[in-house]
Amino acid sequence: MKKYILSLSAAIFVFSFASAAFLTKDLPKVYIAGSEYYLYEVKKGDSLYGIANRYGWNIDKLEELNPSLSKKLEKGAKVYYPVDIEDRIDEDDDETDFTPPDAYPVIRHIVKKGDSVYSIAKLYGVKVDKIYLYNPSSKKVLKKGDVITIPQDSESINDGSTYLYYTIKDGDSLSDIATAYNTSIEQLLRDNKGVSENNFASGDILRISVNSNKDNLEVREVEETRIAHIDTYKAEKNDTWETVAEKNGVDIQDLLEANSGTRLKKNAQIAIPVLETTTVEKEIEPFDERENTLEGRRDIYKEVHMLGVGDSIADYSNSVSLAVVIEDPMSKRDNEFTRGTLLAIDRLKNSPYQIRFKLLCDNRASVDSLKNMESMKTYLDEFKPDIVVTTYEKNFPTWLAQYGEDNGVEIVNSFDVKSELYMDNPSMIHLLTPSAYFSDEVGEWTSSSLGSYKLVMVGKEDKEDAFAESIKGRRDQSSVISRKLEDLAETKLEEGGRYLFYGYPTSKDDIQTMITAIEYLKENNPFVEIKVMGRPNWITIAEGMRERFHKADVYFPSRFFFDHTMGPGKEFVATYTSAYGHSPIRSFPTYAVAGYDISNYFIPGIASNDGDFNASVPDGKEIQTPINLERVGNWGGFFNPSAYMIRYSPFGDIEKILIRR
């Protein structure tokens, strides 16, 4: 029985409280000194206790705020009570101006060259299976211009565990988007290192930390002026609001606000707000006033990219700091790369800026690799590089990539083609064209430049040959011919026809066998146009087969090509030989030329764009690897989509045909 009585009492209390809260909605409200108060006019028979009970107000707070009325309560007197106290009781203070929606628009990703289901999944932080589920056709083929749709998980976005991906619309601004999703411009720029006000474009996709302002609440001590209590003054004859304010030492605006609707006449009861200034702790959503001005937003951008602000701005027009981290000081690769770098620095010695250079070795063979890594970080911290260039060919160190992101320093991955760190680290620069982009570009170039030629696939089919699949995939399969290597010379060709022979072989012997058969076909079919396309590794035997490649009219794709017999290549060899007493070692790529090209591109580039890699970099004059950097996405790093199609033309020339997005 006792349990029932207690439950009934609790129910009555809840009902009474809810009823009281409902009644306050009909009370007028006034603003006094920046705070909102309920205003109640005393009626005959009222008591402070009865008023408090009726509206669910705290009697102690009511008496504290209206001390003169606790002694004598007259009809017509005004009683005040803070609105925000009732709001806290009702637990309404958890509401913010931003109400997350139940569902966000789907991501609509437009497929570009080099995209794969895997790369798209990694870009947006989703599983491959989710893309297959909503885009079944992507299991078979992914074509440029296709639209991949990915639903967004509202629950995980709203709780802050994942980003919202938002497509910029016409008329949007950083400020508008920050306000709409309760975040800041600074957070938007941190989440999207590829974005600035100069390149903010409709159709681009941003990732947004929704409601991050609430997550970043700061507890601050602030001075707050508020009403200590309200006294009552009986108006005298000839009083004006000005004289009442002067007599009681209050601000006339506060007086008028407290007595809204009151007629000033003799014996009228006038509320006199008595203010006090006190220090209180408050949770405040941070707001940087600099967001309100263009100059301020530029300063925020510089801070985010660690370009410096005010007096601390690095003067790149006077000094550029380059650090080169080599993997193995005993290797010919790293020695050659270093020598090429030094030649570039010497070439730039008369530039209008000073070049600071530091060479570091990441000794992976060290017994204490952790200690070695910490030493490397210390050296880099002391040197404060503007850019770090590396020579790792595999297993690119994640600590170095993280160092770049933490310190706003671009890290150049010169040789490790398999590294994917650039896909989600905004400081990584992937210099050799990623495999997916490379094969896509070759397929598209072949289709546009040699699409009228009948395609003949030579040798044992290799499903792992991405170039062959990319080239075949753009042709009518019924027109593609396959030939075994041993049967190639017996191929029947139509007079006046045009044929492109693609070679699967990779070994030197098989390539020579194929070229021999092509020479036979050319000799016996003088009115047929024949071209040959090989795989990228054909570059390793090209020098020894130069004449035969010319005769066969051979093409092959390459991320790099150094012709040491002509023009700038010949000049580099002479300069290198003069400096070091021997010619550069022939390798693929030629490491000395790689060091030379990279330094010649990035040092003047940093000097010209003040270290801001979202700004343009002047075209370089690379003699081996063409550089044309693009970001993988607004929150990812850079990659280089440029490569060559190398042609040994029948006229004795070697053409370097630049192919790029």
Side-chain angles (χ1 to χ4, degrees), residues 16-17 19-90 92-93 220-282 284:
S16 300
F17 180 80
S19 299
F22 176 77
L23 289 173
T24 60
K25 297 185 183 300
D26 294 328
L27 288 178
K29 299 175 184 178
V30 294
Y31 280 92
I32 309 172
S35 296
E36 193 174 24
Y37 295 85
Y38 289 115
L39 172 60
Y40 175 79
E41 189 169 324
V42 175
K43 299 176 180 62
K44 186 177 180 179
D46 275 341
S47 67
L48 282 182
Y49 180 81
I51 295 169
N53 188 54
R54 185 185 311 160
Y55 293 110
W57 293 344
N58 182 292
I59 184 61
D60 293 333
K61 182 65 180 177
L62 188 63
E63 289 179 338
E64 178 187 333
L65 189 61
N66 304 272
S68 63
L69 301 182
S70 62
K71 300 173 185 176
K72 185 179 181 181
L73 194 62
E74 296 182 4
K75 180 183 177 182
K78 291 180 173 59
V79 178
Y80 297 84
Y81 194 81
V83 171
D84 70 325
I85 290 181
E86 184 187 68
D87 286 344
R88 287 197 292 273
I89 292 173
D90 287 343
D92 288 336
D93 63 329
R220 296 181 189 170
E221 286 191 347
V222 296
E223 284 195 346
E224 184 176 82
T225 299
R226 60 188 182 187
I227 296 177
H229 60 270
I230 295 178
D231 286 338
T232 301
Y233 168 79
K234 186 174 287 189
E236 298 174 352
K237 186 179 180 181
N238 299 323
D239 262 342
T240 65
W241 289 113
E242 287 79 5
T243 60
V244 174
E246 186 176 352
K247 288 177 185 179
N248 292 277
V250 297
D251 181 81
I252 189 169
Q253 188 62 38
D254 292 339
L255 181 67
L256 292 172
E257 288 175 347
N259 294 276
S260 176
T262 298
R263 183 181 174 190
L264 183 59
K265 62 181 180 178
K266 185 180 179 181
N267 296 326
Q269 295 188 58
I270 306 300
I272 305 297
V274 179
L275 306 183
E276 65 178 1
T277 300
T278 184
T279 300
V280 296
E281 285 191 347
K282 279 193 171 183
I284 298 174

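Positions are given from 1, in the same order as the sequence printed here. Basis for what follows: all heavy atoms, side chains included, without hydrogens, waters or symmetry-related copies.
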Query raised in the report: Counting only N and O atoms by type, is there a donor-acceptor contact under 3.5 Å from the side chain of Asn66 to the main-chain atoms of Tyr80?
Result: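 Such a contact is found between Asn66 side chain and Tyr80 backbone.
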Query raised in the report: Is there a donor-acceptor pair closer than 3.5 Å between any side-chain N or O of Asn248 and the backbone N or O of Val250?
Result: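 Not confirmed, Asn248 side chain does not pair with Val250 backbone.
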Scan the side chains in residues 42-51 for donor-acceptor partners under 3.5 Å anywhere in the protein, sequence neighbours excluded, and list what turns up.
from  : atom 1 : to    : atom 2 : distance (Å)
Asp46 : OD1    : Arg54 : NH2    : 3.3
Asp46 : OD2    : Tyr40 : OH     : 2.5
Asp46 : OD2    : Lys43 : N      : 2.8
Ser47 : OG     : Gly50 : N      : 3.0

Requested in this report: First locate atom NZ of Lys234, then atom CD1 of Ile270, and finally report the distance between them rounded to the nearest 0.5 Å.
Outcome: 11.5 Å
Requested in this report: Any chance you could measure Lys61, atom NZ, to Ile59, atom CD1, to the nearest 0.5 Å?
Outcome: 13.0 Å
Smallest separation among heavy atoms of [X] and [Y], with atom names:
| X | Y | value |
| --- | --- | --- |
| Thr262 | Trp241 | O-CZ2, 3.6 Å |
| Gln269 | Lys78 | O-NZ, 4.3 Å |
| Tyr38 | Lys29 | CE2-CE, 3.5 Å |
| Thr232 | Ser68 | OG1-OG, 3.0 Å |

Query raised in the report: Out of Lys265, Lys247, Lys266, which residue meets the salt bridge (charged side-chain N to carboxylate O under 4.0 Å, His left out) rule with Glu236?
Result: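 So, applying the salt bridge (charged side-chain N to carboxylate O under 4.0 Å, His left out) to Glu236 and each of Lys265, Lys247, Lys266, only Lys247 qualifies.
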Quick one: are [X] and [Y] in side-chain contact, heavy atoms under 4.5 Å?
| X | Y | value |
| --- | --- | --- |
| Leu69 | Leu62 | no |
| Leu65 | Pro82 | yes |
| Leu275 | Ile227 | yes |
| Val274 | His229 | yes |
| Leu27 | Leu39 | no |

Query raised in the report: In chain order, what residues pass the side chain to side chain donor-acceptor pair (under 3.5 Å) check against Thr243, with sequence neighbours excluded?
Result: Asp239, Thr240
More than 12 non-hydrogen atoms from neighbouring residues, nucleotides or ligands closer than 6.0 Å to [atom1] on [X], yes or no?
| X | atom1 | answer |
| --- | --- | --- |
| Glu276 | CD | yes |
| Glu246 | CD | no |
| Lys75 | NZ | no |

Query - From Asp254, Ile252, Asn259, residue fulfilling side chain to side chain contact (heavy atoms under 4.5 Å, CB included) relative to Leu256 - result: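 It is Ile252, the one option of Asp254, Ile252, Asn259 that forms the side chain to side chain contact (heavy atoms under 4.5 Å, CB included) with Leu256.
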